[in-house]
Amino acid sequence: MERFRPEYHFSPEAYILNDPNGLVYYRGEYHLFHQYNIEEQIHWGHAVSQDLVHWVRLPNALFPDEIGQIWSGSAVADEKNHRLAAFFTYSEHGTGRQSQGLAFSYDAGRTWEKHPRNPILTHPEKPDFRDPKVFWHEQTQKWVMVLSGGTEALFYGSDDLENWSYLSSFGKGHGSHAGVWECPDLFPMETDGELCWILIISINQGSPAGGTGMQYFVGEFDGIQFRNSNPQEEVLWLDYGKDFYAGVTWNHAPRGRRLMIAWADNWQYRDFLPATPFKGQMSFVRELKLTNGNGRGTGRRLIQEPAEEIKYLRHDAARIAVSSFDQANGEKETVFLLPFTYLSQELELEFYRGGAWPGEFGLKLDYGGGQEFYVSVEPENNRCFVDRTHAGINAHKDFPGRYEGYAGCRGNCLKLRLLLDNSQTELFLNGGETVMSNLIFPEAQKVMISVYTRDGKLEQVKGNVYHLVADS
């Protein structure tokens, strides 16, 4: 149903979308290519934006050919030769082998010429050999490609983008191996004057919420080999919700920003979701930063927040300020309603305690007819829960659930930010140190949002609420 088409999260006009591909900033445009399944033929779809929030769909960029289907990959600006270069995985006809292809564009991504020697890179011993992420490594003055090799990441190097040599691998004994590693990304980030490298791996099962998820490693990369700086058994998850997968970052983003977008879905139930004539949507664009610990232990950690360009979507706005938020007349629970009933909103709220935290507090989204979505914080356990069990249509047995993450109730204030769309929610706690992304499919035209507390007092709740409109 078109009812479930998101207002401001990117979705295809029709057919099936999944992994973002070829994210590159070039000549004033952010390019978003993506996996596009059109009647079981896998293409690269294409959209562009100048501000990361208003997207223009363009004709499909890469098409299946005599070699195979066009799977995930990346793109870079080859400024020396005045062109874009796209790298993608072939799922080969007949052999079923996965190999890497290359194409060039001389007109800012509008048309593409595939390399005459495709596939340019194969690995006969690896049945899982896919999802090339290519970037320029400044220190060695070479191009680097990182690929998924099943249960490890494989690194290759090149001087010319066309001829590649094996460098090293990473993965054995590190992080989670509950599923196949996919869609790797590798990039540098700096904090406190120290340069670190972040290796992001999507894993097709075993995430905290179940099914597909994304883990990351913080370490060093010398242009040849990646070294993990954390204990090898430690698993760092990017998102604790159910629907954030295959995320990668833009190459050549201006101002040194590290911007990411992901497929907002889960392979457990992709084919069963109720949206039509399209299936699949993207997360909102996030900006990543690196911090020195965030309350969950020592060491470098990623934080994520919606890209600042979200301000271009804000339409109506309301200021919230409620003091001495406590039970009245001895009631166990008390609530107050937020002002808007739009299905697409942004909430920025701060919860302050007086003495001890209450036993529980959070948000209730009531869509009517018993359809409800909860964000709950339990300070004693320092946990946050997102419950979509009764939030609308549950089209698959693995869709409904209650998922948890770290709350971060360390001081007197907890910050909560919620992006709400017709069929998607993205929750950011304490400046993005915990993130939980989940689809929902409520059968409603409006939502009543309330703040509640149980078993105790909140001294104050304040913040801002915005109506988000994509064409504002």
Side-chain angles (χ1 to χ4, degrees), residues 1-14 17-18 20 23 29-34 45-58 239 241 243-245 247 250 257 259-265 273-287 304-318 338-349 363 365 367 373 375 388 391-392 416-428 432 435-442 444-447 449 463-472:
M1 289 178 282
E2 283 285 332
R3 152 71 190 87
F4 296 127
R5 184 178 295 280
E7 170 71 26
Y8 60 91
H9 290 85
F10 180 83
S11 62
E13 187 172 14
L17 165 152
N18 52 288
L23 305 184
E29 293 180 318
Y30 294 93
H31 290 263
L32 168 59
F33 301 93
H34 61 83
H46 189 196
V48 295
S49 175
Q50 294 182 353
D51 63 4
L52 295 172
V53 293
H54 299 97
W55 294 96
V56 177
R57 300 187 188 103
L58 297 178
D239 194 296
D243 298 301
F244 191 82
Y245 193 63
W250 264 270
R257 301 170 74 190
L259 301 167
M260 171 178 279
I261 199 169
W263 177 46
D265 212 326
L273 298 182
T276 188
F278 71 99
K279 276 186 170 36
Q281 56 187 276
M282 294 298 179
S283 72
F284 194 75
V285 178
R286 299 177 184 178
E287 183 159 3
Q304 313 160 65
E305 288 202 90
E308 62 188 28
E309 286 82 354
I310 197 170
K311 63 187 178 184
Y312 300 133
L313 302 177
R314 291 170 178 169
H315 193 59
D316 301 325
L338 298 183
F340 297 148
T341 61
Y342 306 114
L343 296 180
S344 58
Q345 298 187 41
E346 176 190 6
L347 286 66
E348 291 184 302
L349 300 176
L363 300 175
L365 283 65
Y367 291 92
F373 178 81
V375 177
R388 67 175 182 186
L416 182 154
R417 190 172 186 182
L418 180 67
L419 301 188
L420 177 65
D421 208 337
N422 296 338
S423 52
Q424 188 176 161
T425 69
E426 295 180 85
L427 175 68
F428 303 82
V435 185
M436 304 176 74
S437 304
N438 294 279
L439 297 174
I440 54 174
F441 296 96
Q445 298 300 315
K446 65 179 183 179
V447 59
I449 304 178
N464 298 293
V465 182
Y466 305 95
H467 179 203
L468 299 184
V469 181
D471 59 358
S472 60

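With sequence neighbours excluded, no residue forms a side chain to side chain donor-acceptor pair (under 3.5 Å) with Arg57. With sequence neighbours left out, Glu7 forms a side chain to side chain donor-acceptor pair (under 3.5 Å) with no residue at all. Tyr466 is linked by a ring-ring contact (aromatic ring centres under 6.0 Å, His included) to nothing, counting only residues two or more places apart in sequence or in another chain.
A pairwise comparison of heavy atoms in His34 and Leu17 identifies ND1-CD1, 3.7 Å as the closest pair. Between Glu2 and Pro277, the closest heavy-atom pair is OE2-CD, 2.9 Å. Closest of all the heavy-atom pairs between Trp263 and Gln281 is CD1-O, 3.6 Å. Of all non-hydrogen atoms in Asp239 and Ser437, the two that sit nearest each other are OD2-OG, 2.7 Å. The two atoms that bring Phe428 and Gln304 nearest to each other are CD2-O, 3.3 Å, heavy atoms only. A pairwise comparison of heavy atoms in Ala391 and Tyr367 identifies O-CD1, 4.5 Å as the closest pair.
Counting only heavy atoms from C-beta outward, the side chains of Glu309 and Val285 never approach each other to under 4.5 Å. A 4.5 Å side-chain heavy-atom check between Phe340 and His315 finds every atom pair outside the cut-off. A 4.5 Å side-chain heavy-atom check between Leu418 and Ile449 finds every atom pair outside the cut-off. Counting heavy atoms from C-beta on, the side chains of Pro442 and Phe373 never come closer than 4.5 Å. Looking only at side-chain heavy atoms (C-beta outward), Leu427 and Val435 stay at 4.5 Å or farther from each other.
The aromatic rings of Tyr342 and His467 lie parallel to each other, with less than 30° between the two planes, well short of the 60° mark. Ring orientation note: the planes of His46 and His31 are close to parallel, at an angle under 30° on the 30°/60° scale.
The local environment of CD in Glu308 is crowded, with over 12 non-hydrogen atoms from other residues, nucleotides or ligands closer than 6.0 Å.
The structure places CG of Asp421 at 10.0 Å from CZ of Phe284, a figure rounded to the nearest 0.5 Å. Taking CD1 from Ile440 and OG1 from Thr425, the interatomic distance works out to 5.5 Å, rounded to the nearest 0.5 Å. Taking CG from Asn18 and CE from Met282, the interatomic distance works out to 7.5 Å, rounded to the nearest 0.5 Å. To the nearest 0.5 Å, atoms OH (Tyr30) and CG (Asp51) are separated by 9.0 Å. Atom-to-atom distance recorded for Asp316:CG and Gln345:CD is 10.0 Å, nearest 0.5 angstrom. The CG atom of Leu419 sits 9.0 Å away from the CD atom of Glu348 when rounded to the nearest 0.5 Å.
A distance-only check finds no donor-acceptor pair linking the side chain of Arg417 to the backbone of Glu426 [under 3.5 Å]. The closest donor-acceptor contact from the side chain of Arg5 to the backbone of Ala275 lies at 3.5 Å or more, if one exists at all.
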